[in-house]
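Just so we're on the same page: letters track the sequence lines, and every chain starts at 1. Source: prediction; values computed, not measured.
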Number of protein chains: 2
Amino acid sequence: MRILVIEDETKVGCFIKRALEEESYAVDLCEDGAKGLEMALATDYDSIIVDLMLPTLSGLDIVKSIRRERIQIPILILTAQSQVDQRVKGLDAGADDYLTKPFAIDELLARVRALLRRGTTDSPGVLQIDDLILNPATREVTRGGQRIELTLKEYALLEYLMRHSGRVLTRPMISEHVWNQDFDTFTNVIDVYVNYLRNKIDRGRTKKLIHTIRGSGYMLKAD
Amino acid sequence: MRILVIEDETKVGCFIKRALEEESYAVDLCEDGAKGLEMALATDYDSIIVDLMLPTLSGLDIVKSIRRERIQIPILILTAQSQVDQRVKGLDAGADDYLTKPFAIDELLARVRALLRRGTTDSPGVLQIDDLILNPATREVTRGGQRIELTLKEYALLEYLMRHSGRVLTRPMISEHVWNQDFDTFTNVIDVYVNYLRNKIDRGRTKKLIHTIRGSGYMLKAD
DNA sequence: GTCTTCGATGACCAGGATCCGCATGGCGGT
DNA sequence: ACCGCCATGCGGATCCTGGTCATCGAAGAC
C-alpha cells in the first residue's frame with residue numbers, strides 16, 4: 001500500500017512518514033502543492049493525505065483536480081483548528097475524511113486503515129486466502145493456524161498480493177504499490193522477495209498459493 | 001450509566017457528549033469548574049470525565065474535592081500534551097485514569113468502558129503482564145513480587161507499554177504518548193529508555209517481556 | 001504429431017551495502 | 001547526585017545486487 005503525503009511542515013511530514021512506514025506502507029512525501037498534485041496524478045497511490053494550507057497550490061485545489069480526473073482513491077485532509085469551515089469545503093470537494101491538527105498519530109493511522117479497507121473491498125478487516133490469514137490491524141500472518149514471521153517488506157508485498165488475490169499482478173504494479181519512488185526498475189528485487197515469501201508460506205506445503213504467470217507476473221490464489 | 005463531562009472547550013465537550021450518547025450513556029456536560037464540582041457532588045454519577053485546565057476551578061481541585069467527600073466513582077482526567085507532568089498529580093489526587101489530548105475518541109470510549117467495568121466487578125485497578133505488576137494509583141511496580149524503582153520517564157513509558165500490551169507500538173506512537181509535542185524525532189531517546197527499562201525489568205530473567213519488532217517498534221507481552 | 005533446440009524468463013543463492021537497534025559515555029539542568 | 005537527553009560506534013538483521021542455473025515455450029526439423 002503506497003501513500004502520498006503532501007505536507008509543508010517538514011517536521012510534521014517526517015513524523016507522519018515515519019509512522020506510516022513503520023506500519024509497512026510505502027510513503028512518498030512532498031512539501032509543495034503543485035508538485036504534489038503532479039505526483040498524485042502520475043502514480044497510482046492507494047491513498048493520499050494532504051494538508052489544506054500549502055504553498056503554490058492549496059490542498060483544496062489538489063483534491064478538486066484529482067477528482068476532476070475521476071481518480072477515486074481515498075483522500076484524507078488535514079486542517080488547522082482555525083480553518084474549521086474549510087474542511088466542509090474539503091469534503092464537498094471530494095475528500096473522504098478529515099483530521100484537525102494537532103491530532104493523535106494513532107488516530108491518523110486508524111483513519112488510514114479504515115479508508116484503505118473501505119477502498120479495496122468491503123471486507124471485515126482480515127484478509128484470507130485458503131488457510132492463509134493476514135490481519136492488517138495487528139500485522140499478524142498465520143497459515144493453518146501457525147504463526148509466520150515476516151519482515152516489513154515481505155509483509156508489505158504479501159498484503160498487496162492478498163488484497164488483489166485471484167488477479168495477475170505485473171511487476172510494475174507490484175513495485176508501484178509496495179516500493180516508493182526511489183525504486184530501481186532494472187533489478188530483480190521483486191522476484192527475490194516473492195521467493196522469500198514462497199519459502200515462508202508455500203515451502204513444504206502441498207497446496208501452493210503463490211503462482212507464477214510466466215511472462216506477466218504473479219498471482220495469489222487457492223487453486 | 002450516567003456520566004458527567006467537565007470540559008470548557010465547547011467543541012471538544014460536545015464531541016465527547018455525542019460519542020458517549022451514541023454508546024447509550026446518559027451524559028451531562030458542564031463547561032465550568034466550580035459548577036461541575038457542584039454537579040458531581042449533587043448527583044450520583046457512574047463516572048466523571050474532567051479536563052485539567054478549566055476556568056474558575058482546576059480539574060485537579062475537582063478531583064481532590066470529590067475524593068475528600070469519600071466518593072469512589074471512577075474519574076478520568078483529560079490533559080493537554082504540554083502538561084505531561086500534571087497527569088501524575090492528577091493520578092496522585094485520586095483520578096483513576098488519564099488521556100492526553102488530542103486523543104482518538106475510540107480510546108476514550110474504551111477507557112470509560114474499562115473504568116465502569118472495574119467499578120462494578122471490583123477488578124483491581126492494577127495492570128499486570130505475567131508477573132510484572134504496575135499499580136497506577138500508587139505508581140508502584142513489581143516483578144515477581146520484587147519492587148522495581150523507576151524514574152518518572154521510565155514509569156510513563158512502562159505504563160504506556162502495559163496499557164497497550166500485545167500490540168506493536170511504533171516510535172511515533174510512543175513519543176506522542178510519553179513525551180510532549182516538541183519531541184525531537186531525530187534522536188534515539190526512546191531506544192535509550194527502552195534499554196533502561198530492559199535493564200530493570202528483563203535483565204537476568206529468562207522470560208523477557210519487552211520485545212523489539214525490527215523496523216516497527218516495540219511490544220510488551222508474556223510469550 | 002512429436003521431438004529438439006534455443007532464447008527468454010524466472011528461481012535461487014551468496015555476498016555486500018545499508019540501515020536499525022543496543023549499549024555506553026558524556027553533558028547540562030535540577 | 002540524579003535525571004533526562006544526546007552522540008557515537010558496533011554488531012547484526014534486512015534489503016538489495018549480480019550472477020548462475022533451471023525451466024518454459026515457441027519455432028523449426030523430422
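- Side-chain contact check for B:Ser47 and B:Arg113: no donor-acceptor pair (N or O, by modelled atom type) lies under 3.5 Å.
- The two atoms that bring A:Ile210 and A:Arg198 nearest to each other are O-NH2, 3.5 Å, heavy atoms only.
- Of the charged side-chain nitrogens involved, at least one lies within less than 4.0 Å of a carboxylate oxygen, so that B:Asp51 and B:Lys101 count as a salt-bridged pair.
- Look at B:Arg67 and B:Glu69 and you find no salt bridge, because none of the NZ, NE, NH1 or NH2 atoms lies under 4.0 Å from a carboxylate O.
- Within a 6.0 Å radius of NZ in A:Lys35, other residues, nucleotides and ligands contribute 12 heavy atoms or fewer.
- For residues 181-195 of chain A, the salt bridge (charged side-chain N to carboxylate O under 4.0 Å, His left out) pairs, not counting sequence neighbours, are A:Arg171-A:Asp191.
- Residue whose closest nucleotide on DNA chain C sits further toward the 5' end, between A:Arg18 and A:Asn195: A:Asn195.
- Across all strands, A:Asp191 comes closer than 4.0 Å only to sugar-phosphate atoms, never to a base (heavy-atom distances).
- The pair A:Glu176-A:Arg2 fails the salt-bridge criterion, with no side-chain N (NZ, NE, NH1 or NH2) lying under 4.0 Å from an Asp/Glu carboxylate O.
- Using a cut-off of 4.0 Å between Lys/Arg side-chain N and Asp/Glu carboxylate O, A:Asp130 and A:Lys208 are scored as not salt-bridged.
- A heavy atom lying under 4.0 Å from DNA chain D marks none of the residues of residues 20-29 of chain A.
- Distance check, rounded to the nearest 0.5 Å: OH of B:Tyr160 to OH of B:Tyr218 gives 14.0 Å.
- Defined by atom type and a distance below 3.5 Å, a donor-acceptor pair is missing between the side-chain atoms of A:Asp46 and A:Tyr25.
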**Request:** For each nucleotide in nucleotides 14-27 of chain D, reading 5' to 3', give B when a protein heavy atom comes within less than 4.0 Å of its base, S when such contact involves only the sugar-phosphate, and - otherwise.
**Result:** SBBBBB---BB---
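- Axis angle between the ends of the helix from C:dG1-D:dC30 to C:dT30-D:dA1, five pairs each and rounded to 10 degrees, works out to 20°.
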**Asked** Does the pair A:Arg147 and A:Glu140 meet the rule for a salt bridge (charged side-chain N to carboxylate O under 4.0 Å, His left out), with working shown?
**Response** CA-CA 8 Å; A:Arg147 183 76 199 276; A:Glu140 231 174 28; 3.6 Å; yes
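- Scanning DNA chain C 5' to 3' for nucleotides with an atom closer than 4.0 angstrom to a non-hydrogen atom of chain B gives a first and last hit of C:dC20 to C:dT24.
- The side-chain contact (heavy atoms from CB on, under 4.5 Å) search around A:Val192 returns A:Asn188, A:Tyr196, not counting sequence neighbours.
- As a whole-Å value, the separation of B:Tyr155 OH from D:dC3 P is 16 Å.
- Nearest heavy-atom pair across A:Lys207 and A:Asp202 is O-OD1, 3.9 Å.
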